[in-house]
Amino acid sequence: METDLAKEKIDWEQFNQQRQEVLQAWPTGQEVDLDEAVEYHKKLAPYRRFPELLKSAEEEGRTLAQPRAGVALVQEQIELLQYLEKEGEADCLPTTIDSYTRQNRYSEAQKGIDESRMEGRSMLNGFPALNHGVSACREVIESLEVPVQVRHGTPDARLLAEVTVAGGFTSFEGGGISYNIPYAKNVPLERSLAHWQYIDRLIGYYQEQGITINREPFGPLTGTLVPPCISHSIGIIESLLAAQQGVKSLTLGYGQCGNLYQDVAAIITLKELAREYLDEYGYKDVELSTVFHQWMGGFPQDENKAFGVIGWGAATAALAKATKVIVKTPHEAMGVPTKEANAAGIKATRQTLNMLKDQSLPESAELQQEKEIIIKEVRMILDRVIEFGEGNLALGSARAFQAGILDVPFAPSRMNYGKLLPARDNNGAVRMLDFGNLPFNKEVIDFHKEKIADRGRKEGREPSFQMVIDDIYAIGKGMLVGRPR
Amino acid sequence: METDLAKEKIDWEQFNQQRQEVLQAWPTGQEVDLDEAVEYHKKLAPYRRFPELLKSAEEEGRTLAQPRAGVALVQEQIELLQYLEKEGEADCLPTTIDSYTRQNRYSEAQKGIDESRMEGRSMLNGFPALNHGVSACREVIESLEVPVQVRHGTPDARLLAEVTVAGGFTSFEGGGISYNIPYAKNVPLERSLAHWQYIDRLIGYYQEQGITINREPFGPLTGTLVPPCISHSIGIIESLLAAQQGVKSLTLGYGQCGNLYQDVAAIITLKELAREYLDEYGYKDVELSTVFHQWMGGFPQDENKAFGVIGWGAATAALAKATKVIVKTPHEAMGVPTKEANAAGIKATRQTLNMLKDQSLPESAELQQEKEIIIKEVRMILDRVIEFGEGNLALGSARAFQAGILDVPFAPSRMNYGKLLPARDNNGAVRMLDFGNLPFNKEVIDFHKEKIADRGRKEGREPSFQMVIDDIYAIGKGMLVGRPR
Amino acid sequence: MVKNKNISVVLGVIGADVHAVGNRILHHALGEAGFEVINIGVMASQEEFINAAIETNANVIVVSSLYGHGEIDCRGLKEKTVEAGLDNVKLYVGGNLVVGKQDWKETEKKFINMGFDRAYPPGTMPQDVIDDINKDFMIAQE
Amino acid sequence: MVKNKNISVVLGVIGADVHAVGNRILHHALGEAGFEVINIGVMASQEEFINAAIETNANVIVVSSLYGHGEIDCRGLKEKTVEAGLDNVKLYVGGNLVVGKQDWKETEKKFINMGFDRAYPPGTMPQDVIDDINKDFMIAQE
Ligand code: B12
Ligand code: B12
């Protein structure tokens with residue numbers, strides 16, 4: 001298995017062999033004609049292209065608002081997205097893929113489509129783009145005046161990428177780690193990494209034909225108290241792997257933790273570190289941007305309180321000058337939002353972004369400290385991952401997960417080491433209570449220990465798993481730090 | 001007229017003469033029995049007392065959320081406030097007085113009460129507490145488990161204070177300047193200042209009997225682009241005047257301008273400067289707290305965008321560590337909110353406050369600069385006001401307004417100089433485009449000029465009244481800085 | 001622009017209402033549009049509107065009410081203008097006319113029934129009233 | 001506490017659902033409450049629930065579904081438990097059972113009609129399910 005992992009750009013012949021097999025997996029695969037798709041993209045209006053939009057936003061220092069949205073049927077998906085564009089004032093749009101498609105269960109997705117037609121409401125939690133096929137995707141793209149991205153959570157998204165990119169989507173979220181560890185239970189990392197090398201190679205092909213497609217590693221992972229160094233390390237690995245296959249437009253993601261200084265430091269260092277590593281590996285011509293996800297863990301059920309969480313996420317994104325912010329909705333705790341609830345979240349976010357457009361968080365000792373600790377941690381992790389790979393970064397990553405050098409809290413995957421336990425410090429920043437096997441030196445370890453001990457002292461209790469549970473529930477219960485009840 | 005202005009604590013005998021006349025103005029005046037009222041307050045549970053709540057919040061560094069709310073009838077007012085307490089999770093409550101009462105038009109208020117009874121909906125924009133009388137007020141107070149404050153906008157609130165304080169309210173908003181200049185057209189400052197000396201003396205009397213009643217100068221004034229130095233100067237003058245009459249619990253207010261650094265600097269300096277002046281005048285035993293008003297100018301009509309404004313106000317209040325935040329609602333642009341809309345605003349605010357409870361904005365060069373400029377400006381204004389008063393601060397204030405040493409933008413009062421024109425700088429901080437007659441030195445004037453010129457350059461236009469208009473509309477249209485269209 | 005010069009507009013905020021900001025902007029905008037503006041400011045009584053209209057031979061009275069008591073404050077204004085012989089003066093009203101967020105159609109009907117020629121919902125921009133004055137007095141737009 | 005020891009609970013997240021956080025907390029809480037917990041984790045098929053219940057002689061099956069496909073995923077589970085002779089095993093289901101924010105009463109009815117003994121709305125705290133297990137098995141509370 002390990003031998004499948006490329007350490008450089010995959011040979012086109014070799015890629016094509018695999019490709020024939022991939023396109024067989026479902027009838028819509030036959031609709032994909034690469035040459036025709038390239039021509040299609042060449043004619044696509046620039047305002048429908050993600051890389052261009054991101055570049056201009058990045059240059060102007062403004063933050064774009066993007067929702068999540070997907071329903072079972074094509075016409076409904078078009079109406080939903082048009083509504084979010086016009087009424088919701090979204091700057092760019094998503095198409096969120098349903099969970100069956102994500103698990104390559106295309107016949108179950110088909111059942112969901114059929115049942116949705118019968119019930120007259122969406123029975124799927126997303127848009128089964130692969131089942132609908134290339135021309136249905138183009139219908140969606142052409143019905144809108146802003147770029148649309150595929151957002152999912154699919155360990156093996158090769159066919160999904162083939163269909164949707166041919167279908168006119170200009171950005172594709174995910175990565176071999178970030179769409180496996182939080183989204184699967186039994187998929188070996190070697191396999192998902194190889195499958196994502198396929199996707200990146202496909203996009204590298206488009207790039208060779210002059211068509212830039214944006215790629216976005218999924219920053220938030222499990223969305224629940226993920227320390228910045230973890231998501232940063234994974235984002236940078238996936239960026240390097242994508243660049244290796246010829247990807248030239250990359251957006252790195254991070255899920256809000258809730259402490260202003262940590263979050264702003266995270267966005268700043270994410271871009272700095274990614275740039276540094278990409279340059280070092282010779283990918284100086286890769287365009288970088290960042291995406292900040294409003295709090296990705298459990299939300300308050302009360303819709304008004306949800307607005308509080310949304311507003312704080314928007315404010316942090318603006319102060320951090322992230323290129324894009326992914327917006328939550330007041331329905332978050334309850335279920336897939338109605339289009340109205342979705343638009344509500346975007347509009348509250350837009351107002352906040354606009355009001356903070358000309359403001360940022362300037363340097364301070366606190367910000368500096370957060371940046372420094374993140375940079376140190378990421379370097380320690382990445383250095384070890386690279387070492388483990390012996391020249392093959394993908395391989396190194398798989399091995400690093402096995403060894404716990406990389407570890408994602410609360411991940412469902414058996415491939416995850418699963419020892420890392422995060423907890424908030426007394427100011428709400430996410431620190432580590434148990435490091436598992438992360439390759440940190442004493443300085444870093446002491447820093448975290450002291451931060452959490454400090455909270456323990458203030459709360460009059462020993463740090464323990466109960467603290468972690470309290471933190472998991474905290475935002476849903478209207479707090480940031482889960483204080484003892 | 002000027003001779004009526006006290007320069008020290010008013011003699012009790014003299015006060016009592018005036019008092020007999022005041023109580024005659026409306027039949028409910030006869031219900032007020034000071035001795036009985038003092039006894040009533042002595043028995044009032046501590047959790048129903050504002051000064052205690054403010055003190056504990058101030059000590060714990062937490063921020064209390066308080067709505068605005070008032071309807072025409074007693075039972076409806078009770079239901080409204082109970083709803084905001086239970087469902088809205090308000091930490092403390094208001095009773096907003098209707099506009100007829102504010103203008104001492106008690107028979108029109110009575111007409112409003114009668115019409116409201118007939119129409120079955122509130123025809124008044126607030127609660128006519130004075131018409132309802134002492135025992136009705138106590139009914140309101142006793143129906144709630146948190147303290148209640150009188151909020152209004154009344155140049156002559158002597159009888160209102162008599163009735164409501166005897167009626168169990170433990171905090172009373174306003175002041176001789178802040179409840180005249182933004183709230184009246186033809187009331188001489190000498191008169192309103194004298195009337196507020198009466199109110200402060202009344203509260204000083206309660207204090208002599210061991211009953212502390214909180215007083216809160218109205219910080220936001222016209223709510224529209226008021227530079228911090230203006231509201232600070234007026235707040236400090238009113239604090240000194242109140243302390244002179246024996247008031248021992250004071251809450252100083254400030255209306256959000258929208259730039260994080262300016263707003264945080266404003267709250268910090270407001271307390272610092274007030275403490276400094278009070279101490280200097282020998283009022284070291286006065287308890288101080290601060291209140292931050294979420295944006296008081298024109299709101300967006302869209303309720304979701306309004307949530308964006310509310311959230312940013314809540315976040316700023318929390319980061320500034322204000323003692324209290326006055327909450328807006330998603331209905332702000334449209335009309336007096338329903339109880340549901342009111343609760344919605346509080347809950348979004350509470351969520352934000354809670355999430356930011358353990359965070360603050362640490363020192364930075366930007367914050368330092370904002371603090372320094374405010375401190376300089378306030379000192380220049382206050383020094384001149386004091387000089388003008390020749391030992392009588394109230395008198396000095398009246399004269400200062402006449403001379404434009406104090407000037408409130410967009411105020412309806414003829415007593416206001418009316419030359420000051422504010423505009424935002426390129427980062428959204430409120431600066432001055434026209435200083436009128438403010439007693440600033442060259443350094444301060446150049447600072448403002450350069451800030452506004454800088455914005456003008458970025459927008460490619462000369463600073464002018466059009467810039468001011470654009471800024472007035474900006475937040476309502478989803479922006480902070482009113483850029484040219 | 002100059003051709004609006006012969007239309008004069010009385011502007012004010014009725015009742016015990018002190019909301020001064022919108023009044024100031026309306027004044028500026030109507031003036032820029034070339035109308036002759038007589039601004040009686042905030043806290044204006046019905047009598048003050050009428051007197052100003054008589055004195056200046058006004059074509060339009062623009063009543064603002066922001067604070068919620070518009071319904072009570074505006075009652076009888078139409079009758080008084082008729083009594084004063086100002087039958088031809090157009091009566092416009094706008095702002096936040098009633099207490100609370102209410103159905104605009106209902107509110108509009110209420111004020112039209114009270115005798116106003118035009119009523120405007122919260123947040124109406126000055127340009128709308130400028131356009132309507134021009135329409136009502138058939139002034140060709142450039 | 002110890003008296004709950006003889007009640008065993010099969011716990012899992014059904015279908016293609018990977019939401020692992022609530023499952024981990026439920027596991028912890030049910031364990032702390034003294035039950036014997038067999039956690040089959042996320043992405044569990046109906047067969048895995050049944051097999052685990054047979055193997056461990058379970059008293060209760062606690063099904064979680066967060067991602068919205070609960071309706072499709074849970075269909076036929078009751079029938080399969082009956083076929084497997086697990087008639088006496090209680091079937092609980094909870095999480096975000098359907099797609100979107102829907103009327104809970106409707107949703108509850110739907111799942112009760114599918115054969116579940118109890119269904120729980122979004123955000124139910126673990127203590128509630130602990131209390132209900134105790135109730136269903138008549139264990140006196142301390
Ligand atoms: C974190 C999260 C994620 C993480 C999950 C990481 C992981 N592997 O665990 C990530 C980002 C990967 C993710 C992915 C997806 N998610 Co998600 N996710 C959430 C979120 C924000 C929090 C869930 C959580 O951890 N809560 C904290 C724990 C402690 O609470 P809990 O999960 O609710 O569990 C508690 C209770 O429900 C209860 N409980 C659970 N089961 C049972 C059973 C019984 C019998 C009882 C009594 C009680 C009970 O006890 C638990 C402990 O207290 C929720 C929304 C929310 N709740 O705020 C959405 C949410 C569950 N996700 C949703 C969706 C749709 C998805 C995706 C399809 C993608 C998307 N559209 O974003 C994918 C699905 C992937 C898949 N195949 O499953 C939807 C489900 C929609 C619906 N039902 O209508 C939600 C509700 C968000 C939304 N409003 O759209 N998600
Ligand atoms: C600033 C403000 C204040 C300031 C006013 C300072 C001052 N002296 O000017 C202060 C803080 C003092 C204040 C006090 C009060 N206010 Co106030 N205030 C506002 C606020 C936030 C903005 C008003 C504003 O300046 N907007 C900017 C200007 C440019 O817009 P505008 O005023 O709407 O005017 C424009 C249009 O309406 C239009 N327009 C106006 N008139 C007309 C007429 C015609 C014919 C046309 C075509 C158009 C038109 O053109 C104007 C220019 O563009 C509004 C809510 C909002 N809109 O967001 C509440 C609001 C108007 N206030 C309200 C109330 C109730 C009060 C108070 C009673 C106290 C309280 N409960 O807080 C007192 C009343 C005092 C009094 N006696 O009048 C309510 C009215 C409620 C209702 N109608 O149901 C509002 C709507 C807030 C709310 N939702 O509760 N307020």
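Per chain, numbering begins at 1; letters A, B, ... match sequence-line order.
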**Prompt:** Among all residues two or more places apart in sequence or in another chain, which pass the side chain to side chain contact (heavy atoms under 4.5 Å, CB included) test with C/Ala53?
**Reply:** C/Val10, C/Ala58, C/Ile61, C/Leu86

**Message:** Which residues pass the side chain to side chain contact (heavy atoms under 4.5 Å, CB included) test with B/Pro409, not counting sequence neighbours?
**Reply:** B/Val226, B/Pro227, B/Leu420, B/Pro422

**Complete:** Residues B/Pro412 and C/Ala20: closest non-hydrogen pair is CB-CB, 3.9 Å

Could you show, one pair per line, the donor-acceptor contacts under 3.5 Å between chain B and chain C?
from     : atom 1 : to       : atom 2 : distance (Å)
B/Tyr100 : OH     : C/Asp73  : OD1    : 2.7
B/Glu115 : OE1    : C/Arg75  : NH1    : 3.4
B/Glu115 : OE1    : C/Arg75  : NH2    : 3.3
B/Glu115 : OE2    : C/Arg75  : NH1    : 3.0
B/Arg121 : NH2    : C/Glu71  : OE1    : 3.4
B/Arg121 : NH2    : C/Glu71  : OE2    : 3.3
B/Asn125 : N      : C/His69  : NE2    : 2.9
B/Asn125 : OD1    : C/His69  : NE2    : 3.2
B/Asn125 : ND2    : C/Tyr67  : O      : 2.7
B/Lys185 : NZ     : C/Ile40  : O      : 2.9
B/Lys185 : NZ     : C/Val42  : O      : 2.6
B/Gln301 : NE2    : C/Pro122 : O      : 2.7
B/Glu303 : OE2    : C/Lys101 : NZ     : 2.3
B/Ala333 : O      : C/Asn96  : ND2    : 2.9
B/Met334 : O      : C/Asn96  : ND2    : 3.0

